[in-house]
Amino acid sequence: MLNTDNESATRTITTQRTNPNQRPLRVKRAKSLTKSRVEPYIFILPTVALFAVVLIIPIANLTLYSLGDSNLFQGFTGWNNFENFSYLASAKFLQTVLVTVIWLVGGVVGIVVCGLAIALALNKPIKGRTLFRALVIIPWIVPHAFAGAMWSWVLQPQFGILNRVLVTTGLVSEPISFLDADSALATVIIVRIWQGAPFMIITLLAGLQTIPNEIEEAAQIDGATWFQRLRYITLPHLRPVLTVSTLIVAAWTLQVFDTVYVMTNGGPARSTQIIALDIYSKVFIESDLGSGAAMALVTLIVVSVMSWRALRKEGQETV
Amino acid sequence: MKRTPFARRTVAALAAVAASALVLSGCSGGGSGSGDEKVTLTFMRTGTPEQLRPLFEPMIEEFEQQNPNITIDMQDLGWADATSSIGVMAGSKTLPDVMYHLPGQVFELAEQGLVLDVADRMSDELRDDIYPVLLESGQYQGKQYLVPSAATPLLLWYSVDLFEKAGLDPDNPPSTWEEYLDAAAAIEKATGVPGSGMYSKPAGGETSFMFESLYASEVGGPSWDANAQKYTYDEPANADAAANALQFMKDMTQNAQPNLVEYDRFTTRTLLRDGKVGMALDGINMVGQVKDQVDSGDIRVAAMPAGASGKSISAINVGGWFIPSSSEHPDEAWKFLEFLMSTENQTVHSSYGSVPVLKSESAQYEGQYWDVLTESLLSGVPEGISPKTGSLWTTNGEQLQALLTTKQSASKTLENIVEEHSAEY
């Protein structure tokens with residue numbers, strides 16, 4: 001559209017050169033052309049300004065802090081030859097990365113699988129479906145810190161209701177320690193799935209509404225099994241929603257801090273030290289703003305690249 | 001007492017009118033000047049506002065009556081927000097004129113030149129009244145940045161009932177590590193109740209404080225070298241004593257409650273209160289959870305059991321007042337700080353959770369309970385605190401958690417601590 005306008009404007013100007021009487025029209029058109037070029041930028045200026053304030057400035061600061069000596073009180077104080085990045089090569093950080101990968105994969109796969117299963121169940125015309133749909137949202141709206149505290153009490157060996165039920169019913173003879181060195185990571189992942197699944201359920205339920213009934217019915221008449229219908233009809237239709245929702249859930253899972261902080265504080269013995277906790281610990285407990293910023297920057301780059309690749313791939317496949 | 005914005009504006013307007021009148025009438029000198037200037041001091045005590053305001057508001061009212069030119073604006077700050085909030089306040093130069101906090105972060109601020117050294121302002125009377133170990137705990141690089149106003153050593157708390165059921169004498173609680181372990185085993189054997197309450201949930205200062213105290217008692221001296229700014233247990237010469245202290249901590253878990261990774265110091269207190277463990281090593285803060293039992297004599301307190309040195313020596317954990325260098329009214333701030341440190345006011349403050357900080361405060365009390373607290377201050381050593389405390393405690397917390405909840409040995413724990421500390425120093 002813009003190209004066509006430009007070409008026509010150019011033609012007009014060329015012809016007008018031979019006719020000085022039409023000069024006012026040429027100026028008017030040139031002004032209109034300038035206006036049409038500038039106008040969009042004026043409209044997007046507030047958004048760009050807001051974007052700069054809330055995103056570009058913090059990222060620029062983060063980059064600056066990661067490259068030098070800095071503290072919470074004075075900010076950046078001087079360059080230090082990339083010293084902050086040395087922590088990223090330490091055994092401690094590698095353990096954090098491993099724990100974070102398990103946390104991320106376990107949490108996201110759990111959320112997708114549970115979310116899909118529950119969404120499929122709630123998509124059936126069952127009695128009380130509206131009530132169930134409302135109930136499943138509850139874990140999502142519970143604040144993370146509160147959820148962490150609540151689960152800590154539920155799982156507590158001495159006072160926790162779950163252990164009391166297990167012991168009273170004779171299922172176990174001794175209270176189970178859900179947060180010891182061997183089981184803590186699995187426990188916090190399960191709590192993460194409990195928290196994150198409702199979002200997946202809501203988005204997938206919306207996606208399921210868009211699948212035409214006729215296709216399902218035709219497949220059923222053709223003798224397709226439930227699994228075949230899921231594989232060849234439901235999942236392909238859900239793919240765009242599923243991709244975006246999975247990316248969002250992955251980003252949220254990587255950002256989770258308060259639930260794990262309240263439940264385990266990264267312990268026992270760093271077994272639940274996910275990257276968000278490590279950044280917090282570096283910045284606020286060890287007052288090492290530089291290493292915290294370096295970790296945050298690398299995480300940001302890795303996640304951005306992964307998200308971009310995933311979205312691009314999805315875009316190509318959709319086209 | 002809360003001042004409304006309207007009241008503040010009225011006071012400010014009146015002050016401005018009065019000042020203008022003085023200038024217009026040509027009044028100057030003659031005893032007026034900064035002393036008569038209306039000043040508003042901001043004041044912050046980190047902790048639980050609902051408990052702190054009833055303690056401090058009457059003090060503020062009294063101080064304002066005595067000093068009509070000074071108004072105190074008390075602000076609240078919970079422990080959970082403290083670390084990040086102080087960083088933000090320091091960065092924006094909005095720290096209050098008088099503030100209470102813990103030495104680790106205060107020394108960190110001091111290192112950036114953000115805290116006043118109050119050594120020259122302190123009267124000999126106040127200096128002599130504060131227990132020396134506490135005064136020392138407020139010093140960093142020879143300067144008095146913190147005026148201690150709350151403190152705790154590590155103490156032995158025990159259940160009289162469980163002692164009697166186990167055939168132990170409550171009047172002679174364990175005074176050595178061996179006696180502690182024997183008593184814990186005896187309680188468990190006789191009653192089925194774990195003899196020792198332990199905690200390892202926090203990955204920070206709580207278990208580090210226990211290790212530091214036990215080590216001080218084992219080696220018979222300080223756990224922190226203030227000149228070198230290092231823990232003395234990191235020195236190869238003290239490795240045996242440090243390993244022994246760690247081994248004792250591990251041994252304490254033998255007769256402790258199960259799943260201790262899920263217990264912090266707070267939840268362990270409730271176990272002692274409810275008769276579900278026989279003994280626990282904890283600070284004075286324990287009394288907040290077991291006050292009724294202490295008053296009735298069901299739970300008693302004794303000095304921490306002694307290590308190989310034969311002396312009960314605990315590290316002393318303190319908090320205190322400081323004046324940020326950004327204060328525009330340091331003289332008035334000091335005047336208020338000094339007022340807070342009077343025997344009467346400090347006694348009220350200590351009721352929030354502290355052993356007596358002043359000798360004049362201790363003199364008001366008598367009885368076995370108070371004798372134990374006073375004695376622990378006389379024999380105690382300053383807890384090791386520096387701007388690097390955060391990272392040093394993180395290391396300790398993580399390693400001690402591994403010691404207490406996994407199969408990691410005492411020697412391996414020490415090896416890891418020493419190695420990580422050497423990188424952090």
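Here the structure is a predicted model, which means the values were calculated and not measured. We use all heavy atoms of the structure for the numbers below, so side chains are in, but hydrogens, waters and symmetry mates are not. Numbers restart at 1 for each chain; the letters A, B, ... are given by sequence-line order, proteins then strands.
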Check whether more than 12 heavy atoms from other residues, nucleotides or ligands sit under 6.0 Å from atom [atom1] of [X], and answer yes or no.
X: B:Phe266; atom1: CZ; answer: no
X: B:Lys143; atom1: NZ; answer: no
X: A:Phe82; atom1: CZ; answer: no
X: A:Glu174; atom1: CD; answer: no

Sort [X] into side chain, backbone, both or neither according to what part of it lies under 4.5 angstrom from a heavy atom of chain A.
X: B:Leu109; result: both
X: B:Gln408; result: neither
X: B:Leu400; result: neither

Quiz item: Would a distance-only check, ignoring hydrogens and angles, find a side-chain to backbone donor-acceptor pair under 3.5 Å from A:Glu286 to B:Gly390?
Solution: no
Quiz item: Looking only at heavy atoms, which of residues 88-100 of chain B get nearer than 4.5 Å to chain A?
Solution: B:Ala90, B:Gly91
Practice problem: Could you note down all residue pairs passing ring pair (Phe, Tyr, Trp, His ring centres under 6.0 Å) where residues 277-300 of chain A supplies at least one of them, sequence neighbours left out? | Solution: A:Phe257-A:Tyr280, A:Tyr261-A:Tyr280, A:Tyr280-A:Phe284
Only distances under 3.5 Å count here; give the side-chain donor-acceptor pairs of residues 141-156 of chain A to other protein atoms, sequence neighbours excluded, each with its distance to 0.1 Å.
unit_1: A:Ser152; atom_1: OG; unit_2: A:Gly148; atom_2: O; d: 2.8
unit_1: A:Gln156; atom_1: OE1; unit_2: A:Gln158; atom_2: N; d: 2.7
unit_1: A:Gln156; atom_1: OE1; unit_2: A:Phe159; atom_2: N; d: 3.0

Quiz item: Residues of residues 88-107 of chain A under 4.5 Å from chain B (heavy atom pairs)?
Solution: A:Lys92
Practice problem: Would you sort out whether B:Ser391 and A:Ile285 count as a side-chain contact (heavy atoms from CB on, under 4.5 Å), showing the intermediate values? | Solution: CA-CA 7 Å; B:Ser391 57; A:Ile285 307 295; over 6 Å; no
Distance, nearest 0.5 Å, that separates [atom1] of [X] from [atom2] of [Y]:
X: A:Asp288; Y: B:Lys388; atom1: CG; atom2: NZ; result: 10.5 Å
X: B:Gln105; Y: A:Ser287; atom1: CD; atom2: OG; result: 6.5 Å
X: A:Asn265; Y: B:Gln401; atom1: CG; atom2: CD; result: 8.0 Å
X: B:Lys201; Y: A:Thr264; atom1: NZ; atom2: OG1; result: 8.5 Å

Self-check item: Taking every non-hydrogen atom, the tightest pair across B:Asn259 and A:Pro175
Solution: ND2-O, 3.9 Å
Quiz item: For A:Ser281, is it the side chain, the backbone, both or neither that has a heavy atom under 4.5 Å from a heavy atom of chain B?
Solution: side chain
